[in-house]
Amino acid sequence: MKSLEELKSIREKMQGQIGLRAADEEKTRVVVGMATCGIASGARPVLNILVKEVQERHLDNVMVTQTGCIGLCQFEPIVEVFEPGKEKVTYVQVNEDKAMDIVERHLVGGRVCTQYLLHLDETK
């Protein structure tokens, strides 16, 4: 850093980025696990369908992103939905048809697709 002006410039730039993050927190985030396990299980077409449908339906309040390993490799492809003020929803073994259903019923209709959620055997 060579001057006070340069420091002010950096500060203004960073404040703009913080503002963007705050605006993004008001959106629904759809996160697809895209580690090696997810990709091998078919996550790439699932991600593509989600991105395409969100764009075509003009769901401006929805942001589709990807992440690395979610940690449940045997249940890949995994799609997590983070809605502001609600608990995270984790969909497992998602294929292209399930992705379309998630868009239609959950992202557009506001109803969680319970049949695609992870159901652990709690009797053990």
Side-chain angles (χ1 to χ4, degrees):
M1 225 169 310
K2 297 179 183 174
S3 70
L4 184 56
E5 299 306 318
E6 187 177 350
L7 179 60
K8 286 180 182 177
S9 173
I10 292 169
R11 179 175 166 229
E12 288 174 12
K13 179 181 174 188
M14 294 309 294
Q15 284 180 330
Q17 289 178 353
I18 292 168
L20 288 175
R21 282 190 211 129
D24 285 346
E25 290 174 5
E26 297 171 9
K27 290 185 173 190
T28 295
R29 285 187 313 125
V30 179
V31 181
V32 181
M34 291 290 289
T36 306
C37 51
I39 293 170
S41 299
R44 191 173 312 280
V46 169
L47 176 68
N48 292 340
I49 286 278
L50 292 168
V51 168
K52 176 180 160 278
E53 288 298 313
V54 165
Q55 287 176 345
E56 287 183 358
R57 293 170 185 251
H58 304 288
L59 301 177
D60 298 328
N61 64 325
V62 178
M63 174 176 55
V64 179
T65 63
Q66 59 187 17
T67 190
C69 185
I70 294 174
L72 299 169
C73 301
Q74 67 271 29
F75 299 109
E76 292 285 359
I78 295 175
V79 173
E80 295 182 320
V81 179
F82 298 86
E83 293 180 277
K86 296 184 180 179
E87 292 209 18
K88 170 182 73 172
V89 175
T90 302
Y91 293 111
V92 296
Q93 298 174 334
V94 179
N95 58 30
E96 294 174 68
D97 291 335
K98 289 179 181 179
M100 290 290 292
D101 206 19
I102 291 166
V103 170
E104 182 66 34
R105 292 182 40 213
H106 189 155
L107 301 179
V108 174
R111 296 180 318 273
V112 174
C113 304
T114 56
Q115 69 271 33
Y116 306 146
L117 300 178
L118 176 62
H119 298 285
L120 299 175
D121 184 2
E122 296 178 9
T123 61
K124 294 183 181 179

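It should be emphasised that the depicted structure is a prediction, and the values quoted were computed from it without experimental measurement.
- Within the 4.5 Å cutoff, side-chain heavy atoms of L72 are placed close to those of I78.
- Distance check, rounded to the nearest 0.5 Å: CG of N61 to CD of E26 gives 11.0 Å.
- Only one option out of Q115, K98, H106 pairs with Y91 in a side-chain hydrogen bond (donor to acceptor under 3.5 Å, both in side chains); it is H106.
- When the side chains of ILVMFWY residues are joined at heavy-atom separations under 4.5 Å, either directly or via intervening members, V32 and V89 end up in a single hydrophobic cluster.
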Residue pair Y116, V79: steps toward the side chain to side chain contact (heavy atoms under 4.5 Å, CB included) verdict
CA-CA 10 Å; Y116 306 146; V79 173; over 6 Å; no
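- Residues M100 and K52 fail the side-chain proximity criterion, which asks for heavy atoms closer than 4.5 Å.
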Between V30 and V54, does a side chain to side chain contact (heavy atoms under 4.5 Å, CB included) hold up when you go through it step by step?
CA-CA 10 Å; V30 179; V54 165; 5.7 Å; no
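- Taking every heavy atom of both residues into account, V46 and E96 meet most closely at CG2-N, 4.2 Å.
- G42 and P77 get closest at one heavy-atom pair: C-CG, 3.7 Å.
- For the pairing with V62, the side-chain contact (heavy atoms from CB on, under 4.5 Å) check across T28, L50, V81 returns one residue only, T28.
- Residue E76 holds its CD atom at 9.5 Å from CD1 of I39, rounded to the nearest 0.5 Å.
- Summarising the geometry of A35 relative to C69, their closest heavy-atom pair is CB-N, 3.4 Å, with the distance given to 0.1 Å.
- Tracing side-chain contacts under 4.5 Å through hydrophobic residues (I, L, V, M, F, W, Y), one reaches V94 starting from V103; they form part of the same cluster.
- For R44, the CZ atom counts as loosely surrounded, since its 6.0 Å shell holds 12 or fewer non-hydrogen atoms of other residues, nucleotides or ligands.
- By the criterion of side-chain heavy atoms lying less than 4.5 angstrom apart, applied directly or through intervening Ile, Leu, Val, Met, Phe, Trp or Tyr residues, V51 is grouped together with L59 in one hydrophobic cluster.
- L47 and V31 fall into different hydrophobic clusters, where Ile, Leu, Val, Met, Phe, Trp and Tyr are joined by side-chain heavy atoms under 4.5 Å apart, directly or via other members.
- Note that CG of L107 is 12.0 Å distant from CZ of R105, once rounded to the nearest 0.5 Å.
- With K88 contributing its side chain and E80 its backbone, the two residues share no donor-acceptor pair below 3.5 Å.
- Residue T65 holds its OG1 atom at 11.5 Å from NZ of K27, rounded to the nearest 0.5 Å.
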Please assess T90 against L118 for the test side chain to side chain contact (heavy atoms under 4.5 Å, CB included), listing each intermediate value before the final yes or no.
CA-CA 7 Å; T90 302; L118 176 62; 5.7 Å; no
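- Closest approach of A99 to I49, counting heavy atoms only: CB-CG2, 3.9 Å.
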